[in-house]
K.L.:
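Please read through the structure below; I'll follow up with questions.
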Amino acid sequence: MHIPSSSASRARFTTSSLSKFSPSFSLCRTTSSLSQSCVSFVNQRHRSLRFSSALSSLRCSSPRWSHGAEWRSPVSLRAHARITAPFLEPFERKMSSIASEHAFKEILTSLPKPGGGEFGKFYSLPALNDPRIDRLPYSIRILLESAIRNCDNFQVTKEDVEKIIDWENNSPKLVEIPFKPARVLLQDLTGVPAVVDLACMRDAMKNLGSDPQKINPMVPVDLVIDHSVQVDVARSENAVQLNMELEFQRNKERFAFLKWGSSVFHNMLVVPPGSGIVHQVNLEYLGRVVFNTDGILYPDSVVGTDSHTTMIDGLGVAGWGVGGIEAEAAMLGQPMSMVLPGVVGFKLTGKLCDGVTATDLVLTVTQMLRKHGVVGKFVEFYGEGMGKLSLADRATIANMSPEYGATMGFFPVDHVTLQYLKLTGRSDETVSMIEAYLRANKMFVDYNEPQQDKAYSSYLQLDLAEVEPCISGPKRPHDRVTLKNMKADWHACLDNQVGFKGFAVPKQEKEKVAKFSFHGQPAELKHGSVVIAAITSCTNTSNPSVMLGAGLVAKKACDLGLEVKPWIKTSLAPGSGVVTKYLLQSGLQKYLNQQGFQIVGYGCTTCIGNSGDLDESVAKAITENDIIASAVLSGNRNFEGRIHPLTRANYLASPPLVVAYALAGTVDIDFDKEPIGTGKDGKSVYFRDIWPSNEEIAEVVQSSVLPDMFKGTYEAITKGNPTWNQLSVPTSTLYSWDPNSTYIHEPPYFKDMSMEPPGPFGVKDAYCLLNFGDSITTDHISPAGNINKDSPAAKYLLERGVDRKDFNSYGSRRGNDEVMTRGTFANIRLVNKLLNGEAGPKTVHIPTGEKLDVFDAAMRYKSAGYDTIVLAGAEYGSGSSRDWAAKGPKILGVKAVIAKSFERIHRSNLVGMGIIPLCFKAGEDADTLGLTGKERYTIDLPNKVSEIRPGQDITVTTDTGKSFTCTARFDTEVELAYFDHGGILQYVLRNLSKQ
């Protein structure tokens with residue numbers, strides 16, 4: 001390969017700024033090429049940053065949300081930058097000059113329009129004339145294009161480009177590369193702490209004697225408010241309005257804070273509450289697929305602070321979840337350091353059988369990939385079966401990448417993608433540009449043409465015809481159970497010892513019946529009785545086939561005279577207003593309403609634990625009789641304690657199956673043999689009587705899902721809503737912290753921070769705060785749901801005059817470190833070995849032997865000057881991308897976590913907060929080493945960062961004479977730089993302040 005020569009003595013820039021369809025010039029919304037390159041970092045190997053003076057000119061003011069504008073792309077809404085002509089002309093001249101010096105200027109190629117003229121220019125992969133590129137997976141080509149376009153020989157070097165081109169040889173070697181995403185995506189639960197951190201960094205910058213205005217996002221940031229709405233009101237025609245009113249009452253301060261952030265930070269767009277779920281909005285509206293920015297074309301890419309950001313992979317956009325801390329650094333121009341991933345090629349053949357849904361498919365794929373092992377890898381789907389999958393089906397599979405452990409589940413762009421783009425309101429010209437660019441740059445798959453074999457790290461294959469109807473549970477997404485085996489599996493779970501597939505119910509208790517009165521009506525619950533049935537979650541509500549399928553099940557049930565029992569809390573939370581429109585267009589919403597599935601709001605709701613309270617009579621029947629009650633939801637997570645504190649069995653299912661199980665009233669049923677209920681004619685009604693055929697569903701989809709629905713929905717979103725529009729916010733660029741606020745509080749991360757890095761640290765004579773087994777999730781570490789009335793967080797709120805009814809959720813209070821630190825390890829289903837298997841948010845204070853709340857024990861250790869560590873098993877930190885699962889332990893005083901393995905994002909978050917992640921050696925864990933957690937631990941680390949290597953072996957000793965070797969999971973040189981500085985944000989702050 002010929003790489004054009006260029007000087008490595010100074011930064012290079014490209015001439016792009018973020019604009020999607022509109023030709024308007026937008027300076028504020030700069031691209032990953034321009035805005036990231038406006039900041040020059042010294043080569044990452046030197047572990048320091050150096051910024052270009054060009055940054056100081058990139059200060060502007062523009063509208064962050066355009067109310068009442070005509071329908072336009074999300075970027076053209078930001079294209080009203082108020083820039084004077086005298087500034088613009090020299091800026092353009094400078095950018096033109098810089099572009100001419102680009103390291104790969106020789107492959108900058110024109111892309112002609114079919115009718116004459118050109119779409120723009122692009123960095124052409126074919127122009128490199130390197131045969132290795134033809135064998136690269138499509139997902140790796142996106143990394144390659146980004147590296148070429150951003151190559152400035154500081155942040156991204158020509159050596160980095162060569163590493164990616166030679167992916168086939170380098171991917172097994174854990175080679176480090178930088179990556180610059182085109183944009184960052186947030187939701188409100190992760191967005192509030194991100195904006196809190198940015199506001200706090202402005203204060204810290206001022207305290208360091210530098211300019212607070214240096215703290216501004218340098219890449220586009222889209223924040224969708226979707227995680228706050230709770231199902232307080234269900235089974236009511238007014239549920240949407242009432243739940244939204246309660247949402248604003250509870251979260252007014254948070255929402256005003258986010259609105260303030262969008263007005264004072266450049267490049268930040270906030271989508272108001274009530275608009276939809278972040279990933280569906282991203283799929284239907286925010287996703288660009290290809291950017292055309294001031295004449296430079298390049299692929300869209302995104303990192304998001306929600307782990308299900310991967311849903312956009314179904315659209316052919318490279319996207320994945322990162323920790324909030326890592327996302328904040330990306331916003332501030334820091335290139336992401338990542339290990340060049342292996343890519344699993346997943347071949348799909350055949351087509352789904354009648355009655356099988358996309359949800360059945362994704363649960364099958366999840367189980368297969370979990371078994372194969374794909375943590376830290378990309379999965380790329382290909383094969384003739386791709387043509388049989390709709391875009392929505394692909395997005396469903398991509399969405400659950402975190403559940404099967406992959407960084408991405410990628411579907412390259414093909415004709416199906418283009419059809420979806422047109423369906424969702426993207427213009428013909430835009431779709432034509434996307435196709436032309438991707439074909440020209442060898443990133444488009446045309447299954448009508450012969451396919452060249454790609455090199456993959458490993459291979460899997462699935463015949464779609466082999467997929468069976470299934471659900472997953474009762475405690476993990478990858479514990480798939482076929483529908484035909486569900487009854488037997490349920491009874492096995494009742495018998496098995498307590499664990500992921502067990503409840504250890506004594507034989508004499510298995511047939512227990514709890515009778516009670518539900519608003520004067522006789523009612524009863526048994527083990528397996530369904531008390532929550534929720535059509536919810538980004539995974540499924542973006543898919544018309546399963547949503548309309550649910551409507552058809554409800555219609556058939558109504559026609560036959562079946563009704564869902566009134567004590568089951570049913571709900572429907574669409575991912576966008578488009579779903580409501582096609583349910584109404586099809587005439588099926590009325591049947592869902594009759595079965596209790598009225599629309600409750602536009603957000604994540606039950607899937608993230610915002611299921612609201614159960615009726616008091618139901619809750620009492622469960623607790624007083626120790627009933628193993630069930631929830632069935634069309635979600636992606638079903639970890640213990642997440643959905644609702646009183647539902648110990650939680651099953652993931654397709655929306656039609658949610659309706660079916662609600663009608664049956666129990667998961668203890670064999671749908672093949674047992675009737676769901678009795679019809680109005682007195683005859684038994686079976687599952688097969690209410691289940692629609694694929695042809696029925698396809699016919700309704702064809703007639704009900706229309707392009708104008710998407711255009712109209714997102715036109716309405718741009719106008720906001722009256723409650724949001726009326727929120728008044730201050731205009732000061734520094735935030736005025738209210739010490740009495742229980743929602744927004746200044747965090748302690750930068751307290752007493754100096755310009756000199758503190759350097760690495762070891763751990764001496766630390767106590768074990770908690771000793772865990774396998775599969776401790778971020779829900780265990782930092783719950784998002786209800787605040788228990790007896791918890792330290794509840795005590796804190798009560799002491800500050802907050803009534804119990806106003807506690808809201810942990811997720812809504814992530815802007816307050818005092819609440820969140822008290823909520824760390826506060827999950828009521830937490831199992832800590834120090835308590836001999838007893839479940840609850842407690843631990844043993846080793847010096848005294850007292851059983852305390854985890855927060856109280858940690859504070860006692862901290863006040864006495866003792867370090868603490870956490871012991872854990874495999875898959876520590878799995879589940880949602882949750883920065884507070886690292887921030888909380890940091891503030892509690894945890895110095896290190898020693899585990900068998902870590903979930904990718906959580907390990908990164910630990911590093912970002914300056915916590916040492918250590919892995920036991922293969923075949924070893926706390927049990928095999930004879931560790932009880934009552935020892936004191938010393939971790940021997942060099943005191944100079946230059947003496948530490950990524951993946952280095954580290955010796956751990958105990959006061960009982962044991963010694964064992966662990967692997968330090970600092971995976972890159974850049975992560976070691978973060979550790980040297982005490983965390984990623986401190987690293988960025990110190991370097992920005994030196995500008």
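All values reported here derive from a predicted model rather than from experimental measurement. Any value given below was found using the heavy atoms of this structure, including those in side chains, with hydrogens, waters and symmetry copies removed.
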K.L.:
List for me each residue that meets side-chain contact (heavy atoms from CB on, under 4.5 Å) alongside S782, sequence neighbours excluded, and say none if there are none.
P.N.:
M820, R882, W884, A885
K.L.:
With a 3.5 Å distance limit and no angle check, can you tell me whether H780 reaches the backbone of V831 through a side-chain donor-acceptor pair?
P.N.:
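Looks like no, no N/O pair under 3.5 Å.
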K.L.:
Can you pull the salt bridge (charged side-chain N to carboxylate O under 4.0 Å, His left out) pairs that have at least one residue in residues 647-656, sequence neighbours excluded?
P.N.:
D626-R648
K.L.:
Taking the cut-offs as 6.0 angstrom to the six-membered ring centre and 45 degrees off its axis, would you call R476 and F639 a cation-pi pair?
P.N.:
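No.
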K.L.:
By ring pair (Phe, Tyr, Trp, His ring centres under 6.0 Å), which residues pair with Y602, not counting sequence neighbours?
P.N.:
none
K.L.:
Please tabulate, for side-chain N and O atoms in residues 613-620, each donor-acceptor pair with protein atoms closer than 3.5 Å (sequence neighbours left out).
P.N.:
| from | atom 1 | to | atom 2 | distance (Å) |
| --- | --- | --- | --- | --- |
| D615 | OD1 | H519 | NE2 | 2.7 |
| D615 | OD2 | S617 | N | 3.0 |
| D615 | OD2 | S617 | OG | 2.5 |

K.L.:
Kindly write out the residues that satisfy ring pair (Phe, Tyr, Trp, His ring centres under 6.0 Å) with F255, not counting sequence neighbours, or none if the list is empty.
P.N.:
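Scan of F255 (ring pair (Phe, Tyr, Trp, His ring centres under 6.0 Å), adjacent residues dropped) gives F248.
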K.L.:
Using a strict cut-off of less than 4.0 Å between a Lys/Arg side-chain nitrogen and an Asp/Glu carboxylate oxygen, indicate whether K526 and D668 qualify as a salt bridge.
P.N.:
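Salt bridge between K526 and D668, a charged N being under 4.0 Å from a carboxylate O: no.
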K.L.:
Between T647 and N650, do the side chains contain a donor N or O and an acceptor N or O under 3.5 Å apart?
P.N.:
yes
K.L.:
For K789, which residues count as a salt bridge (charged side-chain N to carboxylate O under 4.0 Å, His left out) partner, sequence neighbours excluded?
P.N.:
none
K.L.:
Please name all residues satisfying ring pair (Phe, Tyr, Trp, His ring centres under 6.0 Å) with F687, sequence neighbours left out, ordered by chain then number.
P.N.:
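F687 satisfies ring pair (Phe, Tyr, Trp, His ring centres under 6.0 Å) with F671, W691 once adjacent residues are dropped.
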K.L.:
By salt bridge (charged side-chain N to carboxylate O under 4.0 Å, His left out), which residues pair with K795, not counting sequence neighbours?
P.N.:
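With neighbours one apart ignored, the set is empty.
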K.L.:
Once salt bridge (charged side-chain N to carboxylate O under 4.0 Å, His left out) is applied, what residue pairs with a partner in residues 225-243 remain, sequence neighbours excluded?
P.N.:
D232-R250
K.L.:
Quick test of your reading: applying salt bridge (charged side-chain N to carboxylate O under 4.0 Å, His left out), list the pairs with at least one residue in residues 396-406, sequence neighbours left out, ordered by first then second residue.
P.N.:
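Pairs touching residues 396-406 that pass the test: E403-R637.
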K.L.:
Which residues satisfy the salt bridge (charged side-chain N to carboxylate O under 4.0 Å, His left out) test with E245, sequence neighbours excluded?
P.N.:
none
K.L.:
Please report whether the ring centroid of Y876 lies less than 6.0 Å from that of H906.
P.N.:
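Under 6.0 Å, so yes.
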K.L.:
Check whether the side chains of S545 and N543 place a donor and an acceptor atom closer than 3.5 Å, and report yes or no.
P.N.:
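Indeed, the side chains of S545 and N543 share at least one donor-acceptor pair under 3.5 Å.
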K.L.:
Under the rule for salt bridge (charged side-chain N to carboxylate O under 4.0 Å, His left out), what residues qualify as partners of R814, not counting sequence neighbours?
P.N.:
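Applying salt bridge (charged side-chain N to carboxylate O under 4.0 Å, His left out) to R814 gives none.
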